[in-house]
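Here's the structure we're looking at; comments come further down.
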Amino acid sequence: MTLLAAAPTTAPGDVDGGVLDLERLEPTIGAGVHGIDLSRVTDGQVRAIRAALAEYKVLFFSGQHALHPDSQIALGRRLGEVTESHPVVPGVDQEHPEIYALDSATGGFADVWHTDVTFVRRPPLGSVLRAVVLPPTGGDTQWADLELAYRSLSEPLQRLADQLVAVHDGTREFGYYLAQREERTTWEGEEFRALVPVEHPVVRVHPETGRKSLFVNPGFVSHIEGVSDAESRYLLDLFYAHITKPEHIVRHRWSVGDVVIWDNRSTVHYANRDYGDQRRVMHRITLRGDAPVGPPAA
């Protein structure tokens, strides 16, 4: 199967030739990738992963026990440009400033629907997440398809969304943390001493596929620009309820050795916090993105 073809449930191919063994998980989002070792990917496999990422939005790899912090970063550098761990939160250690450790023991959980780091001018292209420590039960992650969410809106709402601009602000999630830390981290060479809100189009055009997505998320969007507070709340509530409809979602139950790569330009995700005081540790790296672009004016 070539990567962009409409696939049967499973589609084996010549992996070394750049075609992946893909198992579609939901009609428009999510694919399991079989028979690949991410610690030893070929150039053809890297190209195939990048193409599949734009098409399937979330890729799931099991049994990646050979991957460790150094090789996770090396994989990221094969896929794109690896950023610092986070604009506010330092890396897992001095040797790995690129790795963002999501450790439930230190408040590292994300139980709100969000797209990673949209409160900067150039949000990440994508993320690579590796399971390190898992609770015996719970801790699943869900992703929602923002392209399908836009496409399944009525045409009048699509036309309205095409015209809107949202303000993204990281203060609610990270403002207190930033205020307490004397040490400052950098993101794309910029030192973050304050979180300055940024504007992004409510509808984003994917730079590789040209498809439109609803590019808003409850984790970081504060309001819609140019409308009243009440209108902003109503519109955002409508968009969020629509985005997270069950038919837009793929859900993953983690095992140690799992790695998930997702397209940050066309998805939101949610990490279930249903494991009590058990520990959950995930290591994430992010790939440098570009400034979101909206549809051309009508």
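Residues take their numbers from the sequence shown, with the count starting at 1.
Panel note: side chain Gln163, backbone Ala161; no donor-acceptor pair is recorded below 3.5 Å. A donor-acceptor distance shorter than 3.5 angstrom exists from the side chain of Thr42 to the backbone of Gln45, with no hydrogens or angles considered. A donor-acceptor pair under 3.5 Å is absent between the side-chain atoms of Arg159 and the main chain of Asp162, judged by distance alone. Judged purely by atom type and a 3.5 angstrom limit, Glu98 has no side-chain atom pairing as donor or acceptor with the backbone of Ile73. A donor-acceptor pair is defined here as one N or O able to donate and one able to accept, closer than 3.5 Å; no such pair exists between the side chain of Lys245 and the backbone of Ala149. Glu188 places no side-chain N or O within 3.5 Å of a backbone atom of Pro87 that could act as its donor or acceptor partner. Judged purely by atom type and a 3.5 angstrom limit, His248 uses its side chain to pair as donor or acceptor with the backbone of Ile243. No donor-acceptor pair closer than 3.5 Å links the side chain of Ser266 to the backbone N or O of Glu147. Side-chain atoms of Arg78 come within 3.5 Å of backbone N or O of Val41 as a donor-acceptor pair. No donor-acceptor distance shorter than 3.5 angstrom exists from the side chain of Ser232 to the backbone of Leu236, with no hydrogens or angles considered.
Val112 and Trp143 are not part of a single hydrophobic cluster, where members link through side-chain heavy atoms under 4.5 Å apart. Tyr234 and Leu157 end up in different hydrophobic clusters when Ile, Leu, Val, Met, Phe, Trp and Tyr side chains are linked at under 4.5 Å. Val216 and Leu148 end up in different hydrophobic clusters when Ile, Leu, Val, Met, Phe, Trp and Tyr side chains are linked at under 4.5 Å. Under a hydrophobic-cluster definition in which Ile, Leu, Val, Met, Phe, Trp and Tyr are linked whenever side-chain heavy atoms come within less than 4.5 Å, directly or via other members, Val82 and Leu53 are assigned to the same cluster. Under the 4.5 Å side-chain heavy-atom criterion for Ile, Leu, Val, Met, Phe, Trp and Tyr, Val198 and Val221 are members of distinct hydrophobic clusters.
Taking CD1 of Ile224 as the start and CG of Leu235 as the end, the distance is 4.5 Å to the nearest 0.5 Å. Taking CG from Asp111 and CG from Asp274, the interatomic distance works out to 10.0 Å, rounded to the nearest 0.5 Å. The line from OG1 of Thr267 to NZ of Lys57 is 9.5 Å long, rounded to the nearest 0.5 Å. One finds the CG atom of Asp103 at 11.5 Å from the CE atom of Met282 (value rounded to the nearest 0.5 Å). Rounding to the nearest 0.5 Å places CD1 of Ile285 at 8.5 Å from OG of Ser127. With rounding to the nearest 0.5 Å, the separation of CZ in Arg130 from CD in Gln72 is 5.0 Å.
Contact of the Phe239 side chain with the Leu164 side chain is registered, since non-hydrogen atoms from C-beta on lie closer than 4.5 Å. Counting heavy atoms from C-beta outward, Phe61 and Leu67 have side chains that stay 4.5 Å or more apart. In this structure, Thr115 and Leu146 have side chains that are in contact, with non-hydrogen atoms separated by less than 4.5 Å. Residues Ser213 and His206 fail the side-chain proximity criterion, which asks for heavy atoms closer than 4.5 Å. Inter-residue side-chain proximity for Thr28 and Arg151 is flagged as met; some heavy-atom pair is nearer than 4.5 Å. Taking the side chain as every heavy atom from C-beta outward, Leu22 and Val33 approach each other to under 4.5 Å. Using a 4.5 Å heavy-atom cutoff, the side chains of Pro135 and Arg280 are in contact.
With respect to the salt-bridge test (charged N to carboxylate O, under 4.0 angstrom), the residues Asp140 and Arg253 qualify. Salt bridge present: Arg204 and Asp290 bring a charged side-chain N and a carboxylate O closer than 4.0 Å.
Taking the ring pair (Phe, Tyr, Trp, His ring centres under 6.0 Å) definition, one finds that Phe220 meets it with Phe119, sequence neighbours left out. Under the side chain to side chain donor-acceptor pair (under 3.5 Å) criterion, Glu26 pairs with no residue, sequence neighbours left out. Residues forming a side chain to side chain donor-acceptor pair (under 3.5 Å) with Arg50 (at least two apart in sequence, or on another chain): Glu208. Applying the ring pair (Phe, Tyr, Trp, His ring centres under 6.0 Å) criterion to Tyr270, with sequence neighbours excluded, gives Trp113. For His223, there are no ring pair (Phe, Tyr, Trp, His ring centres under 6.0 Å) partners, not counting sequence neighbours.
In plain terms, the two heavy atoms of Arg265 and Pro124 that are nearest each other are CG-O, 4.4 Å. The shortest heavy-atom contact between Gly138 and Tyr275 is C-CD2, 4.4 Å. Closest of all the heavy-atom pairs between Glu199 and Val167 is CG-CG2, 4.1 Å. Pairing each heavy atom of Arg211 with each of Ala54, the nearest pair is NH2-O, 3.4 Å. Between Val120 and Pro123, the shortest heavy-atom contact is O-CD, 3.6 Å. Contact record, Gly289 with Arg122: O-NH2, 3.0 Å, taken as the closest heavy-atom pair.
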side-chain contact (heavy atoms from CB on, under 4.5 Å) evaluation trace for Asn217 with His168: CA-CA 9 Å; Asn217 70 89; His168 295 241; 4.0 Å; yes
Intermediate values then yes/no, side-chain contact (heavy atoms from CB on, under 4.5 Å), Asp258 and Ser62: CA-CA 4 Å; Asp258 285 356; Ser62 62; 3.6 Å; yes
side-chain hydrogen bond (donor to acceptor under 3.5 Å, both in side chains) evaluation trace for Ser152 with His242: CA-CA 9 Å; Ser152 57; His242 183 70; 2.9 Å; yes
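Thr286 and Asp116 share no side-chain donor-acceptor pair at under 3.5 Å.
The one candidate from Ile261, Asp145, Thr141, Ile29 that meets the side-chain contact (heavy atoms from CB on, under 4.5 Å) condition with Val58 is Ile29.
The ring-ring contact (aromatic ring centres under 6.0 Å, His included) pairs that include a residue from residues 88-108 are His86-Tyr100, where partners are two or more places apart or lie in different chains.
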